[in-house]
Every structure is written in structure tokens, then in C-alpha cells.
Amino acid sequence: MDQLKLAALDEEDLQVLSAHLQDAVLTVADIRYLPKEKKAVFVMNRFVWDKEADKRSKEHERRRSALAVSRVSAMKAQNIRQNARDTVLELLAVTFTPAEAPSGRIELAFAGGASLSLDVECIEVQLSDLGAAWSTPNVPQHDLS
């Protein structure tokens, strides 16, 4: 089993994580902010872009993964109803906007204009696959017009 385990400690590392997380899906219920621990955790179904489709079945893979952001002082949601726990969010990108070094804001941008902003002391992010992959015939599509 080739499970992904990555860490990001700077903006370049975070761009690598963002590429692996593009088109991951999660529900509002899969989002946890733990203010006492200064941590935010997101459990999601990650589309495996870095592996080709099976040649015979044309199936792709998804994996259950966790994204953990440490040193979080605040988290704000935009266009996400926190009481709509079954709402599915499709992650487009994870970005960093610097403030007074090394602090800044990590933003998770979702399809449809939803986003989460995390004020962080510094970039300290981990991405880990949680289990085996499963196949999917569905490949995320993006309207580029």
C-alpha cells in the first residue's frame, strides 16, 4: 500500500500539498477546529492525481486522507453553513498569504465560492492517507471557460 505522508513547513511545500489535494471532497461534518490545541483537522476523500488510471478498467483512485494544520489562532468560514453538516465541499486549492513573518493565513478554497481561512503562527501542515484506496470511474472535470 503506497500511502502518502507529506509535511509542509513553507509556502513551496504547501503548494505541493495543494496539488495532491485538488478535487478532494469532504463534508462540513469532516471539519474540526480545536482551539485549545491550536489545530484544524480536515478528513477528506482525496482524488489520486499522481497515479494513472487502471489500463483495463479505466478506474481511478480515491483515498481517505487527513489534513492537519497546526499553530492555528483563528478559523473563519465563508459561504459554508456550519449547521448543514452533510453539505459536500470540493477542495480546489490550499494557499498561503504571508503577514508578519512567519505568520499568515492559510486558505482552503472550495468550488462554488466557499472558503476557510486559518490564521497561523507559521506554516505547519501535515497530509496523511488513512487507509487503502478505492476505485472510482469518475474523474473531476473543470470548466475552463
Side-chain angles (χ1 to χ4, degrees), residues 1-82 84-98 102-144:
M1 196 167 10
D2 49 341
Q3 292 188 344
L4 187 66
K5 291 189 186 302
L6 296 174
L9 299 174
D10 61 26
E11 199 168 348
E12 189 175 316
D13 293 344
L14 197 60
Q15 290 172 355
V16 172
L17 288 187
S18 180
H20 282 283
L21 290 169
Q22 182 179 351
D23 299 310
V25 291
L26 65 155
T27 64
V28 172
D30 292 325
I31 300 169
R32 295 279 186 278
Y33 176 47
L34 309 164
K36 289 182 182 174
E37 285 123 37
K38 293 188 159 194
K39 186 174 266 192
V41 179
F42 310 90
V43 179
M44 58 192 71
N45 297 336
R46 180 177 72 82
F47 187 85
V48 181
W49 282 109
D50 55 319
K51 187 174 180 184
E52 288 186 35
D54 182 272
K55 297 211 185 308
R56 284 179 284 146
S57 69
K58 306 289 189 233
E59 297 274 310
H60 294 269
E61 287 185 3
R62 279 203 181 266
R63 289 184 177 268
R64 194 76 169 149
S65 302
L67 179 71
V69 182
S70 299
R71 301 180 182 258
V72 179
S73 57
M75 184 167 86
K76 297 176 187 114
Q78 182 174 354
N79 297 325
I80 297 174
R81 288 188 23 236
Q82 295 175 18
R85 299 184 53 77
D86 292 334
T87 300
V88 176
L89 302 169
E90 181 182 356
L91 185 60
L92 300 177
V94 181
T95 58
F96 180 73
T97 304
S103 68
R105 177 172 289 137
I106 293 175
E107 182 171 336
L108 283 75
F110 300 98
S115 66
L116 289 168
S117 294
L118 294 85
D119 292 337
V120 295
E121 297 170 17
C122 62
I123 297 173
E124 191 174 309
V125 183
Q126 294 177 326
L127 172 63
S128 299
D129 287 342
L130 302 175
W134 65 91
S135 63
T136 178
N138 304 318
V139 178
Q141 299 290 320
H142 297 278
D143 183 10
L144 301 176

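Atom CZ of R63 and atom CG of L130 lie 10.5 Å apart (nearest 0.5 Å). In this structure, CD in Q15 is found 9.0 Å from CG in D10, a value given to the nearest 0.5 Å. One finds the OG atom of S103 at 10.5 Å from the CD1 atom of I123 (value rounded to the nearest 0.5 Å).
Here the closest non-hydrogen pair linking A114 and I80 is CB-CG1, 3.6 Å. Closest approach of S65 and D129 over heavy atoms only: OG-OD1, 2.6 Å. Contact record, L116 with A77: CD2-CB, 3.6 Å, taken as the closest heavy-atom pair. Minimum heavy-atom separation, S115 to A109: CB-CA, 4.4 Å. When every heavy atom of R62 is checked against every heavy atom of D23, the shortest pair comes out as NH1-O, 3.2 Å.
Taking 4.5 Å as the limit, every side-chain heavy atom of L34 sits out of range of all side-chain heavy atoms of V72. Side-chain contact between H20 and L6: present, with at least one pair of heavy atoms (C-beta onward) separated by less than 4.5 Å. At a threshold of 4.5 Å between non-hydrogen side-chain atoms, the residues R81 and T87 do not count as touching. The shortest distance between side-chain heavy atoms of E107 and Q78 does not fall below 4.5 Å. In this structure the side chain of R46 never reaches within 4.5 angstrom of the side chain of L91, judged on heavy atoms. Between L67 and L108, the closest side-chain pair of non-hydrogen atoms falls below 4.5 Å. At least one side-chain heavy atom of I106 sits less than 4.5 Å from a side-chain heavy atom of L14.
Here A111 pairs with E90, L92 under the side-chain contact (heavy atoms from CB on, under 4.5 Å) rule; sequence neighbours left out.
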Can you give each donor-acceptor pair under 3.5 Å made by side-chain atoms of residues 35-43, sequence neighbours left out, with the distance rounded to 0.1 Å?
from : atom 1 : to   : atom 2 : distance (Å)
K38  : NZ     : E121 : OE2    : 2.7

N/O donor to acceptor pairs below 3.5 angstrom from side-chain atoms of residues 24-32, sequence neighbours left out:
from : atom 1 : to  : atom 2 : distance (Å)
T27  : OG1    : A29 : N      : 3.4
T27  : OG1    : D30 : N      : 3.4
T27  : OG1    : D30 : OD2    : 3.1
D30  : OD1    : R64 : NH2    : 3.4
D30  : OD2    : T27 : N      : 3.0
R32  : NH1    : A29 : O      : 2.7

Show the numbers, then the answer: is there a side chain to side chain contact (heavy atoms under 4.5 Å, CB included) between V120 and F96?
CA-CA 10 Å; V120 295; F96 180 73; 3.9 Å; yes
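Counting non-hydrogen atoms of other residues, nucleotides and ligands closer than 6.0 Å to CG of N79 gives a total above 12.
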